[in-house]
Amino acid sequence: MTQVLDRPVELKTPASPAERTARRKALLEWIAIHSLGIAAALFFTLPFVFVFLTSLMSDDQALSRDLIPHTWEWANYRKVFDTPGFLTWWKNTLIYAGAGTVLVVLSSIPVAYALAKFRFRGRNLSLMLVISMMMLPPQVVVIPMYLFWAKQLDLSGTLWPLIIPLSFGDAFSIFLLRQFLMTIPNEYLDAAKVDGCGDLRTLLKVVLPMAKPGIAAVALFQFFNAWNDYFGPQIYASENPAAWTLSYGLESFKGAHHTDWNLTMAATVLVMAPVILVFFFAQKAFVEGVTLTGVKG
Amino acid sequence: MATITLASKRRRSGLAAKRRKKALRTAAFMSPWLIGFAVFFAYPLISTVYFSFMHYDGFKPPTWSGTKNWTYVFEHYPYFWPALRNTLWLVVVTVTLRVLFGLGIGLLITKIKTGTGVFRTLFYLPYLAPPVAATMAFAFLLNPGTGPVNSILEKIGIPAPGWFNDPNWSKPALTLLFLWGVGDLMVIFMAALLDVPKEQYEAAELDGASAWQRFRFVTIPNISPIIMFAVVTGVIAAMQCYTQPLVAGKVASGVIQGAGTMFEPGYPERSTLTLPQLVYNLGFQRFDYGSACVVALVLFALSMAFTAFLMRRRGGLIQAGD
């Protein structure tokens with residue numbers, strides 16, 4: 001009862017001038033911050049909006065300076081899918097991203113686990129080498145790698161040179177997973193050992209269920225790396241259009257339709273859309289991954 | 001006596017067996033990476049050094065050429081110095097702006113009280129746009145003829161630049177593209193800013209510190225490791241910058257691209273050349289694998305210098321130990 005009575009009394013007291021200026025200041029600050037927020041939101045959003053609007057313009061209008069379509073040409077999207085090769089690029093990208101993700105996760109988990117939880121000589125050195133590999137531009141080793149795949153194994157023009165290396169662990173994934181596994185308390189592992197679990201059983205039954213968010217982050221990053229990869233397909237697949245991926249194909253699509261901004265932008269939307277859709281389903285894993293890489297290990 | 005020595009002997013051999021088992025276990029768990037390291041890092045790196053001293057066009061067997069490739073790249077290859085200058089420009093200007101902008105957006109998002117989730121998602125989405133798609137989008141948005149940006153600029157009476165078609169504006173246009181994708185930095189700055197202890201702000205306020213002083217003397221010292229992390233990883237990313245300048249240059253120049261098309265790199269006027277593009281140009285367009293390896297090694301030296309900085313023993317940002 002007293003609580004109910006206390007409140008109106010408090011409210012009835014006229015606000016002191018100091019309180020009023022403080023309140024006004026807070027309101028002004030709210031307005032300033034949110035105006036800035038809206039300005040920033042426009043900067044980040046408008047490119048998407050203009051790309052989407054252009055993708056719906058007629059061929060003629062796409063060559064004009066109009067911003068909004070007169071007629072909404074949804075058929076542009078069908079035309080993109082009808083372009084020879086477009087569906088093949090999708091298939092190839094899904095194979096590269098899908099198979100690559102499974103292989104990277106499977107091969108990186110044991111390495112990350114050893115680096116996070118085993119004590120052995122050369123552990124710090126190994127970790128430093130993993131980080132060095134992570135920082136290495138792919139161009140540094142591409143000449144010998146290309147000669148190896150193309151001249152010795154005769155596999156250029158296929159997706160194999162892109163997929164096979166992913167079965168041997170990926171430096172970024174190992175590092176990210178290791179960061180994640182470090183946060184699992186050793187007590188769980190000791191308890192498993194007391195219960196008679198071997199290393200493999202501990203990893204499978206105790207650690208992996210707890211590391212699900214970390215694994216999800218690694219899988220997502222790997223999937224998008226493959227989706228976004230341009231350099232790899234350019235080196236190994238460019239000579240054979242049947243092996244092109246979306247990222248590589250999209251650029252040559254612009255070459256083939258060099259005046260058709262509407263179709264090019266429709267294709268661009270179709271390459272961006274899956275990434276953004278997946279993000280909405282897996283926001284947490286993503287943001288967690290980004291923060292983990294930015295935090296001391 | 002005898003039984004005791006026997007027992008200790010057995011215990012000792014048991015320990016050795018255990019140690020051997022442990023070493024085997026470690027090797028088994030590490031094996032994917034050990035193979036990967038040897039085949040995809042150590043071997044090609046040594047080969048790159050080897051080829052940098054060889055003349056090799058991919059057809060005739062490689063022949064020893066001494067330091068010819070090195071003098072060719074440094075003294076006669078007209079793209080090397082412009083590419084190095086552009087790369088350094090990206091490292092200095094783009095990285096600085098990206099860190100400042102990322103910090104600003106991170107601060108803004110921690111202050112926004114209404115609709116935080118929506119704002120955060122909108123700020124983050126461009127980071128996810130595939131680089132080729134994002135570059136195509138910007139090449140369209142900023143194209144001087146029909147691009148919406150110049151249409152709007154001209155409507156409000158601002159002289160519109162040529163962006164990717166003007167050597168003075170192509171790097172700023174690239175920077176704009178990189179600023180658009182600042183979502184990753186926003187997330188790590190946001191996490192760092194929320195971790196700054198509230199008491200320190202309260203104490204500073206009691207001491208009569210202004211908003212700027214609180215930012216300067218409380219926020220900055222607390223998040224400085226993250227600022228350093230953003231700078232160094234940004235520098236490494238800038239040195240690897242490949243896809244965006246290449247695609248922007250190709251699209252802006254209107255080149256009809258297809259397999260095997262010769263393309264003058266760095267359009268316009270070498271202003272978008274970066275070091276990684278030279279490896280491609282020398283190796284896969286000119287079939288001069290030896291000289292391509294020289295550029296690759298320059299790139300390697302630069303990356304490793306920055307990586308070493310990232311992992312310095314004291315004050316290093318990524319620490320190996322636990």
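Letters go in sequence order (proteins before strands), and every chain restarts at 1.
Heavy atoms of A:Ala267 lying under 4.5 Å from chain B are absent altogether. For chain A, the nearby parts of B:Thr26 are the backbone and the side chain; heavy atoms of each come within less than 4.5 Å. Using a 4.5 Å cut-off between heavy atoms, B:Tyr124 touches chain A through its side chain atoms alone. Both the backbone and the side chain of B:Phe300 come within less than 4.5 Å of a heavy atom in chain A. Interface residue B:Glu154: only side-chain heavy atoms are found under 4.5 Å from chain A. Contact annotation for A:Ser126: both backbone and side-chain heavy atoms come within less than 4.5 Å of a heavy atom of chain B. Only the side chain of A:Met265 comes within contact range of chain B, with at least one heavy atom under 4.5 Å from a heavy atom of that chain. Contacts of A:Ser64 with chain B are made by backbone atoms alone, with heavy-atom separations under 4.5 Å and no side-chain atom involved. Proximity to chain B involves both the backbone and the side chain of A:Val130, based on heavy atoms less than 4.5 angstrom apart. With a 4.5 angstrom heavy-atom cutoff, A:Tyr113 touches chain B only via side-chain atoms.
B:Leu141 places none of its side-chain heavy atoms less than 4.5 Å from the side chain of A:Thr54. With contacts defined as side-chain heavy-atom distances shorter than 4.5 Å, the pair A:Phe48/B:Leu125 qualifies. Looking at B:Met30 and A:Phe118, their side chains never come closer than 4.5 Å, going by heavy atoms from C-beta outward. Using a 4.5 Å heavy-atom threshold, the side chains of B:Thr121 and A:Gln283 count as touching. Looking at A:Leu136 and B:Gln240, their side chains never come closer than 4.5 Å, going by heavy atoms from C-beta outward.
Aromatic ring orientation, A:Phe148 versus B:Tyr43: perpendicular (interplanar angle above 60°, classes split at 30° and 60°). Aromatic ring orientation, B:Phe123 versus A:Phe44: tilted (interplanar angle from 30° to 60°). Ring-plane geometry between B:Phe284 and A:Tyr146 is classed as perpendicular, the angle between the planes exceeding 60 degrees on a 0 to 90 degree scale with a lower cut at 30. Aromatic ring pairs are classed by plane angle as parallel below 30°, tilted from 30° to 60° and perpendicular above 60°; the pair A:His34 and B:Phe119 is perpendicular.
The two atoms that bring A:Arg65 and B:Pro144 nearest to each other are NH2-O, 3.0 Å, heavy atoms only.
Just one residue in the list B:Phe41, B:Phe37, B:Phe40 forms a ring-ring contact (aromatic ring centres under 6.0 Å, His included) with A:Phe168, and that residue is B:Phe40.
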